[in-house]
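Down below is the structure, laid out as C-alpha cells.
Just so we're clear, the structure is a prediction, and the values are computed from it rather than from any experiment. One-based numbering, in listed order, for ligands and for the atoms of each.
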Amino acid sequence: MSDFTMTIAGAGVTAPQTFGVVNPATGAEHAQAPDCSPEQLEAAMSSAAEAFTEWRKDEQARRKALLAAADALFASAGDLAPVLTAEQGKSLQDATMEVMGTGVWLKYFAELELPREIVQDDANAFVEVVRRPMGVVAAIAPWNYPLLLAAWKLGPALLAGNTVVLKPSPYTPLATLKLGELLRGVLPPGVFNVISGGDALGAQMTAHPVPRKISFTGSVPTGKKVAAAAAPDLKRVTLELGGNDAAIVLEDADPAKVADRLFGAAFMNNGQVCSAIKRVYVPDALYGDMVEALAAKARSVKVGNGMDEGVEYGPIQNKPQFERVSELVADALSHGAKAAAGGKPIDGPGYFFQPTILADISDGTRIVDEEQFGPALPVVRYSDVEDAVARANGTPFGLGGSVWGTDLDRAAEVAGRLECGSAWVNTHLALAPNLPFGGFKWSGIGVENGPWGVYGFTEVQVVYRAKG
Ligand code: NAD
C-alpha cells in the first residue's frame, strides 16, 4: 500500500494497484505510488468538470486561492524538497529552490493583471475582446522539474478559470502527489486533481472526452502522439518539447570569464533541462582554452547523492536515460571524440555519470545532433560564424540558443538569427514567470508564462454591444 495518495474531488484516494518509484541515487525502489484505475480517471475528470461551473465565476476568489497556494508551498519547502530529491536525484538545495520557484510562479499568476481589451467604443458599438476559460485542462508533466513545470500549467490555467487534472511522470510522481495533498484545503474540491500512473494513463487523458485543453511538457516523440490524440476532438494543445540548444562563442569572448557560466547552463539539473546548453560552438582561436576551462570546471564539481551535504550534481534521473547518455558518449568516443573531462559512468549503485566535456567532435555525431539530456557536453570547433549559425539552426529543434562575446551589439545581432524561442546574449536559461517560453519547430507549439501563457488556457470571445 502506498503512503502517497492521489487527490480527486478534494479527497485523498489510494488505488487498487501501485507502482514502484526508484531512488536514482541508489537504483533501488523506495516508495509505491497509486496506479490510477480507469474509474478513478473518470472520477477525476468529472470532479474537475463539476468544479469548473463555480470556479470560472469569480476571478478575485481565484487570485486569493492561488496566493494561498503559493504561501502553502513557501511554508512546506522543508517537507517537499527531500521527497523531490529522493525521487528525482537533484541536490536538496536545488530541490528546495524548485519548491520555492513553484510558489513564486503561482504567486506571479495570482497577481498578474490582464489588460481589458476594448477594441471599439463609438456611436455604433462597444466592443471588447475577452478571454474565456476552456474548461478542464489535462496537464501532463516530465521528470526533470516535476513541481515547477506543473506550476507553469497550474498557475495560468487556474487564473484563467479552468480546472485541472494533473499527471506527473511515473518516474517522479511523489512530490506532485504531495503537492495535491498540500493544496487540498487551499483550493476548492475538484479544482486541482492529481492522478498518478504510467504512460498509458497519459494517453487515456489525451483521448478522454472531458478535457478541452491538453498542456503537455515532455519529449518530441510523445508530443507528436499527444497532438495526434488531440486532433479528432480538436482539443487545444500546448506542447513544450525537447531542445538541442546551441551556444555560440564569438572570437571576442574571454574563455576564462564565460566558461563557468557556460558550464552552469549546460549542467544545471545534471544537464536534464529542456533548454540547457546541449552543444557549444567555439572559434578556432579560442578552442583549446575553452575546452580546457570547461574541462577544469567539470573536474572540480561534486557529484553524489543529492541528500549529502555539498553535493552539486546528483545522478541521472532514471535508468533508460542513464543508458542513453552512456551510449551517446561511447558513440562519440568511438568516432574519434576526446573526453577532455569525464567520459564514463561512475562505479557503484545509482545512475551516476562523470561530468563530461567532449572535444574534437563535430556535427554528424549523435551527441551533437540529438538531445542528450544529461551531463555530457560536446564542444564543436568553427572557423566562420555564418557557418556556426547555420549549424546551430540545422536541427529540427528550436527551443533556446545563446551567443557569447564582449561586443554586445554584434552578439545580439547574431543571436537574433537563431531560430529558437529564447535567444540569449552572454547568458542562457534566463527564465522568469513573466517571459514567454516556448519553442520553434519541433520544440513545441504555443508558449508558457507571462500573459501569453494565460492566453493559452483561454478561448477568445468578442462581446459586441450594439448602440442605438
Ligand atoms: P516523456 O515524453 O517520456 O514523458 C512526459 C510525460 O508524458 C510523462 O508524464 C509520461 O508519462 C507522459 N506520456 C508518455 N506517453 C504518453 C502518451 N502517449 N500520451 C500522453 N502522455 C504520455 O518525456 P520525459 O522523458 O519525461 O521528459 C524529458 C523530455 O521532456 C526531454 O525531451 C525534455 O527536453 C523535455 N522537456 C521539455 C520542457 C519544455 O518546457 N520545453 C521542459 C522539460 C522537459
Parallel, tilted or perpendicular: ring planes of Trp424 versus His428, cut at 30 and 60 degrees: tilted
Proximity flag Tyr171 to ligand 1, non-hydrogen atoms under 4.0 Å: no
Closest candidate by heavy atom, reference atom 34 (O) of ligand 1, pool Gln272, Glu371, Glu448: Glu371
Parallel, tilted or perpendicular: rings of Trp105 and Trp152 (30°, 60°): parallel
Closest approach of any protein heavy atom to atom 28 (C) of ligand 1, naming residue and atom: Phe373 CE2, 3.8 Å
Residue and atom name of the nearest protein heavy atom (relative to atom 1 (P) of ligand 1), distance in Å to one decimal: Ser219 OG, 3.6 Å
Winner among Asn144, Asn244, Asp199, Leu241 once heavy atoms are compared against atom 11 (O) of ligand 1: Asp199
Arg366 bridged to Asp331 by N-O distance under 4.0 Å: no
Part of Thr217 within contact of ligand 1 (heavy atoms, under 4.0 Å): both
Lys/Arg cation over aromatic Phe216: Lys225, 6.0 Å, 45° cone: no
Residue portion contacting ligand 1 (non-hydrogen atoms closer than 4.0 Å) for Lys225: side chain
Protein contact to atom 8 (C) of ligand 1 [nearest heavy atom, distance to 0.1 Å]: Ala141 O, 3.3 Å
Identity and distance of the protein heavy atom lying nearest atom 22 (C) of ligand 1: Thr222 CG2, 3.4 Å
Cationic tip of Lys178 above Phe4 ring, under 6.0 Å, 45° of axis: yes
Heavy atom of the protein closest to atom 27 (O) of ligand 1 (residue, atom name, distance): Pro142 CB, 3.4 Å
Heavy-atom nearest neighbour in the protein, as seen from atom 12 (C) of ligand 1, with distance rounded to 0.1 Å: Ile140 CG2, 3.7 Å
Ala229 to ligand 1, any heavy atom closer than 4.0 Å: no
contact_flag Gly439 ligand 1 heavy-atom lt 4.0 Å: no
Leu149: numbered ligand 1 atoms lying under 4.0 Å from its heavy atoms: 42 (C), 43 (C)
Presence of salt bridge, Asp71 and Lys107, under 4.0 angstrom: no
Min side-chain heavy-atom separation Leu73-Met100 under 4.5 Å: no
For atom 29 (C) of ligand 1, the option (of Gly444, Pro168, Gly218) bearing the nearest heavy atom: Gly218
Nearest neighbour of atom 38 (C) of ligand 1 from the list Ala200, Cys274, Gly202, on a heavy-atom basis: Cys274
Top protein contact for atom 25 (O) of ligand 1, by heavy-atom distance: Trp143 NE1, 2.9 Å
Ligand 1 contacted by Phe216 (non-hydrogen, < 4.0 Å): yes
Atom 40 (O) of ligand 1 - nearest protein heavy atom and its distance: Glu240 CB, 3.2 Å
Row check, Phe373 ring normal vs Arg324 NZ/CZ: under 6.0 Å, within 45°: no
